[in-house]
Amino acid sequence: MGETFWNLSAERPESISKADADRRNQLMLESPSHSDGDLLRLLGNGDERAFLEFYRRHQGMVYRFALQMSGKTDIAEEVTQDAFVAVMSSAQRYDSERGSVAAFLYGIARNFVLRALERERPYVTILDDPAADYSARMGREAAPGQDVFGELARNERLETLRKAVLALPPAYREVVVLCDLHERDYAEAASALGCAIGTVRSRLHRARALLAEKMRAGERCAV
Amino acid sequence: MNEDRELLPELLEDLRALASDGPREAPPHIEERLKIEFRRRKRHRSLVAWSPVGAAAAAAAIALLFWSHSNKPAAGQNPPVTAAQPIAPAADDVSEASFYPLPEAEGLPAIENAMVVRVELPVSSLQLMGVPVGEERAGASVQADLLLGQDGLARGVRLAP
């Protein structure tokens with residue numbers, strides 16, 4: 001009976017193939033370029049090095065998405081952490097046929113951002129300036145020899161735009177962040193948001209019109 | 001509307017500037033927290049994976065205790081059948097090398113007095129140990145020998161011959 005499916009004393013052919021698999025995984029990690037799909041498979045099997053490589057490769061993208069969506073560094077940090085914790089448990093569920101790894105990550109991060117924004121909503125008062133936290137983090141000084149006034153005007157304009165993006169309804173904000181700030185194409189944005197490409201296109205058109213309107217209003221005020 | 005169209009190229013340019021603005025990286029402490037969480041989950045997962053083996057080993061230890069305190073059977077009679085029975089190992093039958101080592105036994109003290117206990121295990125739990133077993137038998141049960149140390153803790157496992 002034992003001989004049929006467990007032969008420890010003899011050749012152990014399946015153990016050899018397991019060792020081969022481990023060696024292959026090792027080589028995969030040591031190779032300079034391995035795909036996100038490989039890393040997800042390895043980290044799903046508990047490989048810490050694969051997880052760290054995957055995290056280092058994508059953390060900036062997730063963090064910036066969360067920061068640009070919320071305007072708050074504490075939410076961005078929380079979302080980044082939660083998103084990668086979710087990756088630990090759902091790495092095996094990633095299906096490359098359903099979209100890119102970036103879309104997979106944006107989709108996870110988006111759910112956490114929307115949840116955080118929903119949670120924060122009752123506590124927002126008219127004194128809150130959602131862009132203030134973000135702006136404080138952005139704080140720049142003009143380099144010596146730079147056109148100080150030009151730089152000031154540019155910063156002011158970017159600040160107005162940042163506030164305008166944050167003031168957009170989330171459904172419009174997320175397409176602006178994905179397509180304009182992260183330069184993702186419509187298909188990838190649609191995959192991340194779980195909607196049709198046409199929906200992304202129409203929301204983006206509407207969102208840009210709203211932003212243009214806000215920028216124009218801002219310029220009028222400045223004049 | 002026309003005014004908006006005129007504003008659009010400028011808006012797209014500003015959006016590009018905004019895209020290249022701001023932090024590019026998450027703060028380093030997040031990586032540290034995630035590392036800790038990853039290790040915690042890995043430990044938890046291996047604990048869950050080994051729980052059937054742990055349960056079998058515990059059952060074997062209890063059975064062993066029960067057996068050692070019960071009366072010995074009369075000569076020529078078979079011992080009573082229990083969930084696990086210590087087997088009388090032949091000298092060449094108990095070499096540690098013939099057992100598949102259990103990873104959770106790595107930190108245990110070396111074996112001074114070994115005992116081999118026969119138990120019935122689901123094939124799926126053998127697969128969890130990394131023992132190569134045919135997928136088609138995953139639902140079945142097999143008789144396996146557990147190598148117990150002097151402390152009653154399992155050190156290795158092998159399929160009963």
Side-chain angles (χ1 to χ4, degrees), chain A residues 1-9 12-18 43 46-48 51-52 55-56 59-64 66-68 73 76-78 80-81 84-85 88-89 134 137-138 140 154-155 157-158 160-162 165 176-177 179-183 208-209 211-213 215-216 219, chain B residues 1 3-8 10-31 33-35 37-43 45-46 49 95 97-100 123 126-127 130-138 140 142-145 156-161:
Chain A
M1 182 177 68
E3 293 299 311
T4 52
F5 45 76
W6 192 13
N7 187 358
L8 288 176
S9 55
R12 299 171 64 179
E14 296 194 45
S15 292
I16 290 167
S17 67
K18 186 178 177 293
L43 78 88
D47 191 317
E48 187 178 322
F51 173 73
L52 288 178
Y55 172 78
R56 286 168 190 160
Q59 48 84 22
M61 176 189 88
V62 172
Y63 181 74
R64 279 192 303 124
L67 186 59
Q68 287 158 343
T73 52
E77 288 178 17
E78 178 194 314
T80 306
Q81 187 170 321
F84 283 95
V85 168
M88 290 175 199
S89 48
Y134 191 4
R137 223 181 140 79
M138 307 292 99
R140 298 169 303 268
R154 178 185 171 274
N155 287 348
R157 193 171 169 77
L158 285 188
T160 309
L161 181 58
R162 185 175 293 123
V165 170
V176 169
V177 171
C179 297
D180 286 334
L181 302 186
H182 288 232
E183 297 176 334
R208 283 174 179 169
L211 286 177
E213 174 63 31
M215 293 302 282
R216 200 176 49 192
E219 277 176 6
Chain B
M1 190 67 199
E3 220 175 322
D4 281 349
R5 276 188 190 149
E6 283 166 20
L7 197 59
L8 196 59
E10 206 177 333
L11 174 70
L12 293 179
E13 197 184 314
D14 285 344
L15 282 168
R16 271 192 292 274
L18 192 61
S20 59
D21 200 34
R24 316 298 297 175
E25 306 281 323
H29 66 84
I30 296 178
E31 182 175 320
R33 283 188 206 159
L34 285 168
K35 238 190 260 183
E37 177 65 15
F38 190 87
R39 285 173 190 164
R40 192 190 66 78
R41 280 168 176 256
K42 196 175 169 182
R43 271 199 307 274
R45 199 167 55 167
S46 80
S95 72
S98 66
F99 285 84
Y100 201 86
V123 170
L126 291 176
Q127 285 175 325
V131 176
V133 180
E135 276 298 323
E136 67 282 357
R137 309 294 297 264
V142 290
Q143 288 212 319
D145 291 342
V157 64
R158 71 176 180 190
L159 200 69

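Lettering of chains follows the sequences in order, A, B, ..., and the numbering in each one begins at 1.
Side-chain contact between Y55(A) and I30(B) is present, with at least one heavy-atom pair separated by less than 4.5 Å. Inter-residue side-chain proximity for T73(A) and Y63(A) is flagged as met; some heavy-atom pair is nearer than 4.5 Å.
Residues meeting the side chain to side chain donor-acceptor pair (under 3.5 Å) test with E37(B), sequence neighbours left out: R40(B), R41(B). Listed by chain and residue number, R154(A), L158(A) satisfy the side chain to side chain contact (heavy atoms under 4.5 Å, CB included) test with A17(B) (two or more places apart in sequence, or in another chain).
Contact annotation for F84(A): both backbone and side-chain heavy atoms come within less than 4.5 Å of a heavy atom of chain B. The part of R33(B) that comes within reach of chain A is its side chain, from C-beta onward, which places non-hydrogen atoms under 4.5 angstrom from that chain. For a residue to count as touching a neighbouring chain, one of its non-hydrogen atoms must lie under 4.5 Å from one of that chain's; by this rule V176(A) touches chain B with the side chain only.
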